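Here the structure is laid out as structure tokens; the discussion comes afterwards.
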Amino acid sequence: MTATVPQPEQVDSKGLKGGALSLLSSVVIGVASTAPAYSLAASLGFIVASGGALLAGVKAPGIVILAFIPMYLIAVAYQELNKAEPDCGTTFTWGTRAFGPITGWLGGWGIVAADVIVMANLAQVAGSYSFIFAGDLGLTGVADLANDPLWSTVAGVIWIAVMTYICYRGIELSARIQYVLLSVEVIVLVLFSLFALVRVYTGTAESYSLVPSLDWFNPFTLDFGSVIAPAVLTAIFIYWGWDTAVSINEETENPTKTPGRAAVISTLLLLGTYALVTVAAVAFAGVGTGGIGLGNETNAADVFSAIGPALFGSSALGHAAALLLALSILTSAAASTQTTILPTARTTLSMAVFRALPEKFARIHPKFLTPTWSTIAMGIASIGFYVLFTLISIQLLGALIGSIGLMIAFYYGLTGFACAWYYRKTMWSSFRNVIMRGLFPLLGGLMLTAVFIYGLQQYALPDWLVDENGDNVTIFGIGAVAVVGIGAMVIGVVVMLVWWAVNSDYFRGKTLPRHTDGNPLPVAQIAPAQNTRDDGITNAPRE
């Protein structure tokens, strides 16, 4: 017996609004969650080089394509697991069903930790670009505030607060805003790429520009341990976010099919976009360590700001194009700030429903049908983490992308293994199931495990990340990237043990028992716990 499909306006067992989103809305949210413009601006330089030394270099397009492979394989795992149990807890729920409460809880924590940490980067970019965009509009005095730590932080905090409020107000409002924000950034990215390639092929580009070559798409001439693994971990960051389309599964028109399809479609759309933009950027800017070269470490935090003036020139038309590029990055960071809150709030909602977190996180707004405490707590935690890291060292924000890559590899990989294990008894019923429920998820998990291990070794090196003065950015003498990534997971273990001591129902399998026969759960077993709306009405389990 499979789970019933919620009808429009119907409320499911957790109180979320079933049937609110179509396949197109889910794909838009999935793609927007990756923040294509922001992700490329903040990551491409780190894929090309590290610490001023070339990493992937001109092979960056190949790395981007290579990183897509495990992303697609894990998207398939999400699709198949969602068919069995369309729960908004995703990795938390599926990891618990397959491997037990400890593994599932840590999988859920991996989602929460990665999302909270990335919010610092997103807020930093949104805050700074707010002033840059205002300056491009003619308010030159305001533009100087982009480099002021205090004011850029204030602006970033405001962005988090605004997007938290939008998520609080309802999933449909969130989706409508994403249509606008995503349209702006995708159109601008395509125009940027076409303009750059036209200038390269017509010979009107810079002296250091490069004509694209098929060899750029072959990363296998690079060393795996020291180059491919850390570069892929960084490239994984630019794909990360499509799983938001699955975390909103209980709010879609067809929760057993639509979310999984949206996840796979999102990864394919991202592959085409990223391949085009990466080739264009490498071709026009080159990979040199000076000027606008992508190997220049001073450009690593935002390669588009470096490329824009040289690409578009100083004419009125060029100024307008540069303004659009700045707008695309601003809207990208803003959109991703919003869509990062969505999956985190729903993960903690699911964890609370199954009593893996305090009951307050399971509360639903009686009118908007959104998680209240979970959404607000995500906003507060993100603001706190962002301000803390800014006070310690703005340079540490550069360590976050790599550390997020470690957590992404962890919980995506765990989902791949959970799929293969969950279906281990029933996948043999057809060749299709062997591939889609066994081979693909297992390969995706193994690939991410390999890049996690080798990438962690490189990130732990003291000289992996250096500041503007050439000094190593370390914590306790260990590379800051590795410490932030592993430290976040250690904190998760501590939080888990504390909650275990407070309420052990979940950890004893009372609320979310293991289920590994590979068949969809009977509807009544999908959500055995209860949650409460903020008006005091209890939402009963599905029957």
Side-chain angles (χ1 to χ4, degrees), residues 39 42-57 60 63 67 106 109-110 113-122 124 219 222-238 240 289 294-303 385-386 388-413 447-494:
S39 296
S43 305
L44 188 53
F46 291 106
I47 296 173
V48 171
S50 174
L54 285 183
L55 196 61
I63 292 293
L106 291 176
W109 176 263
D115 287 347
V116 169
I117 291 176
V118 79
M119 288 289 278
N121 268 101
L122 293 168
Q124 169 84 11
L222 304 172
D223 180 72
F224 180 83
S226 62
V227 178
I228 293 180
V232 167
L233 273 178
T234 303
I236 283 173
F237 173 79
I238 69 177
W240 174 53
T289 56
L294 298 181
N296 187 343
E297 59 184 326
T298 60
N299 300 333
D302 184 359
V303 297
F385 184 84
Y386 173 42
L388 175 63
F389 259 61
T390 302
L391 290 174
I392 295 174
S393 172
I394 292 181
Q395 189 64 36
L396 276 179
L397 292 175
L400 297 183
I401 291 177
S403 62
I404 294 167
L406 292 173
M407 281 178 283
I408 296 169
F410 167 72
Y411 84 82
Y412 273 1
M447 291 178 69
L448 291 175
T449 300
V451 297
F452 177 94
I453 294 172
Y454 283 97
L456 180 61
Q457 292 175 352
Q458 297 301 311
Y459 289 159
L461 297 176
D463 59 350
W464 179 259
L465 184 68
V466 297
D467 59 22
E468 63 274 7
N469 299 318
D471 298 325
N472 297 338
V473 181
T474 62
I475 300 176
F476 306 120
I478 304 173
V481 178
V483 174
V484 173
I486 298 302
M489 294 308 299
V490 172
I491 292 173
V493 172
V494 174

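From a predicted model like this one, the values you see are computed outputs, not experimental measurements.
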Next item on the list: State, with a plain yes or no, whether a side-chain heavy atom of Leu461 is found less than 4.5 Å away from one of Gln458.
Entry: yes
Next item on the list: State, to 0.1 Å, how close Ile63 and Pro219 come at their nearest heavy-atom pair, and which atoms those are.
Entry: CD1-CB, 3.9 Å
Checklist line | Partners meeting ring-ring contact (aromatic ring centres under 6.0 Å, His included) with Phe237 (sequence neighbours left out) | finding: none
Checklist line | Pair Met489-Phe410, side chain to side chain contact (heavy atoms under 4.5 Å, CB included): steps then yes or no | finding: CA-CA 10 Å; Met489 294 308 299; Phe410 167 72; 3.4 Å; yes
Check: If we only count heavy atoms from C-beta on, is the Ile228 to Asp223 side-chain gap below 4.5 Å?
Finding: no
Next item on the list: Test side chain to side chain contact (heavy atoms under 4.5 Å, CB included) on Leu448 and Ile236 and set out the steps.
Entry: CA-CA 9 Å; Leu448 291 175; Ile236 283 173; 3.3 Å; yes
Note to self: Taking the ring of Phe224 and the ring of Tyr454, is the distance between their centroids below 6.0 Å?
What the structure shows: yes
Checklist line | With Ala460 via side-chain contact (heavy atoms from CB on, under 4.5 Å) - residues at least two apart | finding: Ile478, Ala482
Margin query: Can you give me the closest heavy-atom contact between Leu55 and Ala231, atom names plus distance?
Written below: CD2-CB, 3.9 Å
Check: Which heavy-atom pair separates Ala488 from Trp109 by the least distance, and what is that distance?
Finding: O-NE1, 2.8 Å
Checklist line | Side-chain heavy-atom pair Trp240, Asp115 within 4.5 angstrom cut-off | finding: yes
Notebook entry, point to check: What heavy-atom pair brings Thr474 and Pro462 nearest, and what distance separates the two atoms?
Noted result: CG2-O, 3.4 Å
Next item on the list: Identify the residue among Thr390, Ile117, Val118 that makes a side-chain contact (heavy atoms from CB on, under 4.5 Å) with Phe385.
Entry: Ile117
Item checked: Any Leu294 side-chain heavy atom under 4.5 Å of Leu44 side chain -> yes
Next item on the list: Compare every heavy atom of Leu222 with every heavy atom of Ala56, then report the nearest pair and how far apart it is.
Entry: CA-CD1, 4.1 Å
Item checked: For the student: nearest non-hydrogen atoms of Val48 and Ala60, plus distance -> CG2-CB, 4.0 Å
Notebook entry, point to check: Going from CD1 on Ile486 to CE on Met407, what distance comes out if it is rounded to the nearest 0.5 angstrom?
Noted result: 8.5 Å
